Amino acid sequence: MTDLLIQLNEPQREAVVNTSGPTMIIAGAGSGKTRALTYRIAYLLQQGADPFSILALTFTNKAAREMKERVMQLIGDSNGRSVWMGTFHSVFARILRAEGHHLGYPQNFTIYDSDDSKRLIKSILSELNLDPKAYNVSFVLHRISNAKSNLFSPIDYINSPEIQTADAAANKPLTGEIFRAYNARLKRSDAMDFDDLLYNTNLLFRDFPEVLHKYQHRFRYILVDEYQDTNHAQYFIIKRMAALHENITVVGDDAQSIYAFRGANIQNILNFKVDYPDHNLYRLEQNYRSTKTIVNAANGIIENNKDQIKKTVWTENEEGQLIGLLRATSDSEEGTLVANSIFGHKMSKQLPNKSFAILYRTNSQSRSIEEALRRQSIPYKIYGGLSFYSRKEVKDLLSYFRLVINPNDEEALLRVINYPVRGIGKTTIEKLQVVSNESNSSIMEIISNQDHRLKDINRGTLNKLGDFATMLKSFSVQMESKSAFDLAQHITNSIGIIAALKEEDSVESVSRIENIEELLNAIMEFSEREPVASELGEDGVPARSLAHFMQEVALLTDADKKDDDENADYVSLMTIHASKGLEFPYVFIVGLEENLFPSIQSLGSRAELEEERRLFYVALTRAQEKVTISYAESRYRWGSLTMSEPSRFIEEIDSKYLDMPRRVVPHKKAVMSQLPFSNSIQKGVENKFSDNANSSQEPFESSDIDSFQAGMVVEHQKFGKGKIIQMEGAGANRKATVFFNGIGQKQLLLKFAKLKIIGD
DNA sequence: GAAGCACTACTTTTT
DNA sequence: GTAGTGCTTC
């Protein structure tokens with residue numbers, strides 16, 4: 001036990017050992033926030049607290065997993081395992097699986113992701129004959145999500161004069177009706193969206209006191225990480241659950257609140273002292289991560305915000321290097337400057353790639369950076385972006401699994417009823433939806449019962465529908481007896497998805513097949529990792545079953561995927577949002593331009609601008625040794641060239657921490673653009689050259705169309721080196737299928753593609 | 001009912 | 001620039 005405390009500084013130790021009563025830990029960036037929380041849990045366990053009485057809530061699965069691992073390291077495996085540690089969504093989903101029957105939900109309810117939600121809204125719009133342009137799907141979903149996060153039901157929504165006025169002003173007066181229909185359809189599908197996991201948990205605790213008491217008694221200690229990111233629903237549920245023991249500990253940093261756009265309420269952390277007047281307050285202000293330069297520059301930035309809890313973050317670390325500033329004429333040059341700078345640092349200091357991270361405001365910015373890194377042969381890895389689990393083929397197969405587990409899952413059914421193609425077309429599906437709406441029963445029920453209202457569907461089609469239902473039923477039957485992997489493989493083979501993709505025989509279909517294989521591998525791993533099949537999980541779902549796997553997958557994001565190779569050495573690319581909680585020796589923050597960062601959509605209000613500033617604060621404080629920021633004077637956005645000005649955030653950095661632009665790249669052409677007063681016409685001209693100026697001195701010259709042959713090693717201006725897998729066509733239509741390293745297969749029409757032979 | 005082609009929105013961030 | 005949607009044609 002003394003061992004445990006010896007590794008902590010004074011305020012951290014205080015925050016760990018005072019385990020009773022409401023506690024707020026305000027922790028600056030890099031001050032050991034997670035450490036304090038982890039040690040507090042470990043300390044509780046050492047003091048003899050029952051692991052089953054501890055609930056720790058985090059914002060991401062990754063944070064929960066890491067915390068669990070660290071607790072288990074500190075106090076040994078057995079006790080740590082039983083602590084409930086997870087995201088709000090996963091913990092509440094678990095409670096709802098066990099208790100949802102009170103609200104009329106089966107244990108096997110489906111969790112819709114935002115993709116499912118959007119599809120559902122789209123189909124409701126067309127049923128209500130509303131113009132999908134007037135009622136933008138994202139807007140509607142955002143409104144609904146906000147309402148649920150604030151615990152508004154559709155009725156509350158429709159009855160709220162403020163909301164109705166706002167919707168009328170936005171020319172979308174029927175949003176409430178869409179909300180009502182949307183919720184009804186979710187219910188009919190035995191499905192909940194992300195926000196329902198919170199909304200329904202609150203409903204459960206509000207309307208079923210005996211259920212609330214059960215969890216109130218059980219969770220003697222409740223700990224919440226990243227409290228500044230909680231929304232109203234989360235806040236309210238925690239408060240209710242903690243009401244009996246009031247042993248609630250929240251950890252957070254108001255300066256790192258970056259999720260207000262999706263309902264996080266910074267007031268929750270500011271109001272903690274009002275909710276619990278007798279609370280203990282601990283401040284962790286010593287930063288162990290970054291240099292003095294970084295800490296002070298970041299402090300200076302955040303001072304521009306009005307809404308904040310005053311605190312003084314300081315560090316004993318050394319002064320360190322100044323913040324670098326790279327100025328580029330175009331987004332592609334920005335990529336080059338960053339890649340060259342990384343290359344330079346690597347060489348002069350003998351650093352591995354994993355010392356570097358490149359952070360950006362939006363995912364779309366990664367492209368120009370990637371191209372530059374590829375040209376410099378610097379390995380990199382992108383975090384976030386299109387998730388593995390949201391790829392079409394993966395979702396298609398997962399939809400079959402979902403349908404096996406929950407036949408009422410309408411979004412899953414609509415996805416796969418005619419994929420792979422089985423002759424059930426749009427007209428038939430529309431007829432089914434009409435009957436489904438009339439009878440308020442799911443499409444699967446209607447098909448299975450050969451409902452008499454289907455009489456105007458012809459016999460051939462009816463048979464096809466029957467076959468589809470029978471096939472799915474046969475899968476469901478096997479759920480009890482087969483392991484997740486065996487069943488998944490059986491389904492994959494039976495539906496013929498691989499055969500359909502092979503038939504297609506395109507470049508994409510090859511990688512789709514690979515993705516399906518990867519999904520099956522993941523299920524195999526899961527089957528091996530999980531305990532014996534006969535054991536029942538706490539929520540009554542058979543372990544190792546497909547249902548169990550699907551429950552885990554529903555709340556996973558790519559950020560939660562384990563690294564393929566722990567020792568792999570690559571530069572990390574991610575959005576600033578995704579970087580929260582991480583640290584890197586060298587950090588590049590790119591695209592510091594007005595309208596991009598801060599985002600154009602944040603310029604409307606002070607609150608939103610302050611959130612962007614906190615985002616910049618988060619980005620800066622990821623760095624241990626050195627920060628380099630960059631901006632481009634022009635950038636391709638929406639496919640066309642736009643001019644941009646340096647971000648106001650650059651000016652907010654105290655100049656004494658800033659290294660003024662200087663020569664960074666050895667190329668003559670690039671140097672000119674570093675000169676502060678070079679005029680824009682010159683820059684425009686240069687820009688044209690800078691694209692191919694990096695990999696070779698000569699202009700890129702394509703080889704003769706007829707000389708290409710399968711097996712040759714070639715170089716593409718954009719994609720780099722690759723190998724020709726296949727050639728087809730002749731003359732102007734001659735096409736090559738090329739596999740590029742790190743990119744994958746591409747089909748190139750040689751007439752257009754700039755392709756050079758570099759070896760046989 | 002299916003395949004091919006043209007159009008258009010997309011770029012904020014995520015459980 | 002691209003991916004996804006919707007329209008048209010067979």
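Note that the coordinates shown come from a computational prediction; the quantities given were computed from them, not determined experimentally. In what follows, chains carry the letters A, B, and so on, assigned in the order in which the sequence lines appear, proteins first and then strands, with residues in each chain numbered from 1.
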Just the rounded figure in Å: distance from C1' of dT2(C) to CD of Glu370(A). 14 Å
Could you tell me how far apart Tyr419(A) (OH) and dG1(B) (P) are, to the nearest whole angstrom? 19 Å
Please check the phosphate of dT13(B) (OP1 and OP2 only) for any side-chain N or O of Asn363(A) closer than 4.0 Å. yes
Between Leu615(A) and Gly423(A), the residue closer to the 5' end of DNA chain B by nearest nucleotide is Gly423(A)
Given dT14(B), dT15(B), dG1(C), the nucleotide with the shortest approach to the side chain of Arg367(A): dG1(C)
Can you check the Lys122(A) NZ to dG4(C) P distance for me, whole Å? 11 Å
Just checking His577(A) against Tyr360(A), ring centres under 6.0 Å apart? no
What is the nucleic acid contact for Tyr259(A), judged by heavy atoms within less than 4.0 Å: base, sugar-phosphate only, or nothing? sugar-phosphate
Ignoring hydrogens and angles, are the base of dT13(B) and the side chain of Arg262(A) linked by a donor-acceptor pair under 3.5 Å? no
Distance test, side-chain N/O of Thr427(A) to OP1/OP2 of dG1(B), below 4.0 Å: yes
In terms of the nearest nucleotide of DNA chain B, which residue is placed more toward the 5' end: His89(A) or Lys426(A)? Lys426(A)
Report yes if a side-chain nitrogen or oxygen of Thr575(A) is closer than 4.0 Å to either non-bridging phosphate oxygen (OP1 or OP2) of dT14(B); otherwise report no. yes
Given atom CD1 of Ile144(A) and atom C1' of dT15(B), what is their separation to the nearest angstrom? 17 Å
Mind checking the C1' distance from dT11(B) to dG6(C)? Whole angstroms is fine. 23 Å
Test the Lys118(A)-Tyr112(A) pair against the cation-pi criterion, namely NZ or CZ under 6.0 angstrom from the six-membered ring centroid and within 45° of the ring axis. no
Between Tyr636(A) and Thr642(A), do the side chains contain a donor N or O and an acceptor N or O under 3.5 Å apart? no
Under a 4.0 Å threshold between the charged nitrogen and the carboxylate oxygen, would Lys580(A) count as salt-bridged to Asp229(A)? yes
Phe261(A) CZ - dT13(B) P separation (whole Å): 8 Å
Distance check: side-chain N/O of Thr428(A) vs OP1/OP2 of dG1(B), anything under 4.0 Å? yes
Test ring-ring contact (aromatic ring centres under 6.0 Å, His included) applied to Phe649(A) and Tyr631(A), Phe597(A), Tyr617(A), the passing residue: Phe597(A)
What nucleic acid atoms does Asn418(A) come within less than 4.0 Å of, heavy atoms only: base, sugar-phosphate, or nothing? sugar-phosphate
Mind checking if Asn136(A) touches a base, just sugar-phosphate, or nothing, with heavy atoms under 4.0 Å? sugar-phosphate
What's Tyr636(A) touching, base or sugar-phosphate or nothing? Going by heavy atoms closer than 4.0 Å. nothing
Report the distance from atom CZ of Phe194(A) to atom C1' of dT14(B), rounded to the nearest whole Å. 8 Å
Rounding to an integer number of Å, can you tell me how far Leu596(A) CG sits from dT13(B) P? 11 Å
Check the distance between dT11(B)'s C1' and Tyr360(A)'s OH and give it to me in whole angstrom. 13 Å
